[in-house]
Protein chains: 2
Amino acid sequence: MSATADDGTPARLKGAASWLINQVSLHSQRLVAEGMAAAGARGYHYRLLAALEEFGPASQAALGRRTGIDRSDVVAMLNELSDQGLVRRSPDPADRRRNVITITLEGARRLHSLDQVLAGIQDELLAPLSPDERAELVRLLSALLAHHSGR
Amino acid sequence: MSATADDGTPARLKGAASWLINQVSLHSQRLVAEGMAAAGARGYHYRLLAALEEFGPASQAALGRRTGIDRSDVVAMLNELSDQGLVRRSPDPADRRRNVITITLEGARRLHSLDQVLAGIQDELLAPLSPDERAELVRLLSALLAHHSGR
DNA sequence: CAGCGATCGTGGGTGCGACCAACGGCTCGT
DNA sequence: ACGAGCCGTTGGTCGCACCCACGATCGCTG
């Protein structure tokens, strides 16, 4: 009926789990990116702030390991975060190779507001699913992620 | 015991569906990219070939619409595909704005071999899940994708 | 205690996928 | 016959994930 008659996705793709996951991930990433951008942040920022609040001050390398962000990218992100005063970078007196990264009060405040944003996004993302289905989805994805752990 | 004691993902992330999806998607994309690369192709190529075989010859714009690939990216991919002789690009006599893209025999052959690769990847990706769980996952993801259709 | 391997921060560069803006050519409805 | 709109193409941008190389530093071992 309507539609440009030019749409319609190849059936091969609609059935492939890899395709589905990537597509949903795309929407997810778009939602996250938009939400973060609206708060003047980005995905990497949230990850780092979360790791900092949860595990306390840490070296940049440790942060990278925990968040799965490359060491070199951590540098850039930390520059941005400290420019915004959300994080403090000070040399580690006990090991002069390292910097100790500390989340500031403002950083924590920002993190919590991003938490709100993120929560809203979860809801939007999972909108068509019942609570049970959401839990099941999380369970299945967690299983997959756990299995493909060893990067 | 083991482990660098520096790993461990923030709890906030482990519970977020958006995070899980993106992580799984990352693994999925890596698997696909590796599989495709081993066959001298890449994700975009498969999408285009699949659309061509399923819907027959089409204009570049139509291909873009069907595969979700931007018009400008379609150009580049089609250049690569026709360089490999997998696709033919000829002017549309009925509408001189358009090119008609046709999949060649070789293209179809390549597509089928990529199908094999892809099938193997599905298996690897979903390895830890039972058949029922796999079906359920596909169902849930499809629901999400259908809901976030518009755009 | 000299020396060497490993680790840390940093800078630079790559790749892929997804997008956007703008152009000249062409079609089609009115 | 003309303007709105589509088509192919070029040439960017952005985010995320990665890699390599470097100098400084640490810590173990001989």
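Reminder, nothing fancy here: chain letters follow the sequence lines and each chain counts from 1. What you are looking at is a predicted structure, and each value in this text was computed from that prediction instead of being measured.
Stretches of at least 3 consecutive Watson-Crick or G-U wobble pairs, with each checked distance under 3.5 Å, appear in DNA chain D as C:1-30 with D:1-30.
Counting heavy atoms from C-beta outward, A:Leu126 and A:Glu133 have side chains that stay 4.5 Å or more apart. Within the 4.5 Å cutoff, the side chain of B:Asp123 has heavy atoms near those of the B:Arg134 side chain. Proximity of B:Ile103 to B:Leu48: side-chain heavy atoms (C-beta onward) are nowhere separated by under 4.5 Å. Taking the side chain as every heavy atom from C-beta outward, A:Met77 and A:Arg47 never approach each other to under 4.5 Å.
Atom CG in B:Leu48 sits about 13 Å away from atom P in D:dG8, given to the nearest Å. Computed from coordinates, the B:Arg66 CZ to D:dC7 C1' distance equals 15 Å when rounded to whole Å. Atom CG of B:Asp73 and atom P of C:dA21 are 15 Å apart (whole Å). Remark: P of D:dC7 and CD1 of B:Ile101 are 13 Å apart, rounded to the nearest angstrom. Taking atom CG of residue B:Asp70 and atom P of nucleotide C:dA18, one finds them 10 Å apart after rounding to whole Å. Whole-Å rounding puts the B:Ile69 CD1 to D:dC7 P distance at 16 Å. Rounded to whole Å, atom C1' of D:dT9 lies 12 Å from atom CG of B:Leu78. Taking atom CG of A:Asn22 as the reference point, atom P of D:dA17 lies 13 Å away to the nearest angstrom.
Contact between the side-chain N/O atoms of A:Arg47 and the OP1/OP2 oxygens of D:dA17 is found at a separation under 4.0 Å. For A:Gln29 and D:dG15, the shortest distance from a side-chain N or O to OP1 or OP2 is not below 4.0 Å. Taking 4.0 angstrom as the limit, B:Asn99 places a side-chain polar atom (N or O) nearer than this to OP1 or OP2 of D:dT9. For the OP1/OP2 pair of C:dC23 and a distance below 4.0 Å, the side-chain nitrogens and oxygens of B:Arg71 include no atom meeting the criterion.
The closest donor-acceptor contact from the side chain of A:His148 to the backbone of B:Leu125 lies under 3.5 Å. Remark: the backbone N or O of A:Leu63 is paired with a side-chain donor or acceptor of A:Thr67 at under 3.5 angstrom.
For the atom pair CG (B:Leu141) and CD (A:Gln23), the distance works out to 11.0 Å, reported to the nearest 0.5 Å. One finds the NE2 atom of B:His45 at 13.0 Å from the CG atom of B:Leu111 (value rounded to the nearest 0.5 Å). Considering CG of B:Asp73 and CZ of B:Arg71, their distance stands at 11.0 Å, rounded to 0.5 Å. For the atom pair CZ of A:Arg139 and CD of A:Glu136, the computed distance is 4.5 Å after rounding to the nearest 0.5 Å. Here CD of A:Glu80 is found 10.5 Å from CG of A:Leu86. Values are rounded to the nearest 0.5 Å. Distance CD1/A:Ile21 to CG/B:Asn22: 11.0 Å, rounded to 0.5 Å.
Closest approach to the B:Val75 side chain among D:dC18, C:dG9, D:dT9 is made by D:dT9 (side chain taken as heavy atoms from C-beta onward). Nearest to the side-chain atoms of B:Arg98 among the listed nucleotides D:dA17, D:dC7, C:dG9 stands D:dC7.
Across residues 34-46 of chain B, B:Arg42, B:Gly43, B:Tyr44 each have a non-hydrogen atom less than 4.0 Å from an atom of DNA chain C (numbered order). Only A:Arg89, listed by number, bring a heavy atom of residues 84-91 of chain A to less than 4.0 angstrom from any atom of DNA chain C.
Residue-to-nucleotide proximity on DNA chain D shows that, of A:Met77 and B:Asn79, the 5′-proximal contact is made by B:Asn79.
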Less than 3.5 Å apart, which donor and acceptor atoms pair up between the side chains of residues 8-18 of chain A and the rest of the protein, not counting sequence neighbours?
from	atom 1	to	atom 2	distance (Å)
A:Arg12	NH1	B:Asp115	OD2	2.6
A:Arg12	NH2	B:Glu53	OE1	2.6
A:Ser18	OG	B:Gln122	NE2	2.8

Atom pairs under 3.5 Å, N or O on each side, protein against nucleotides 24-29 of chain D: can you list them with distances?
from	atom 1	to	atom 2	distance (Å)
D:dC26	OP1	A:Arg96	N	2.9
D:dC26	OP2	A:Arg96	NH2	3.4

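Judged by distance alone with a 3.5 Å cut-off, a donor-acceptor contact links the side chain of A:Ser72 to the base of C:dG12.
Side-chain contact of A:Asp70 with A:Ser72: a donor-acceptor pair under 3.5 Å is present, judged by distance alone.
Within the structure, the side chain to side chain donor-acceptor pair (under 3.5 Å) test picks out no pair touching residues 100-110 of chain A (sequence neighbours left out).
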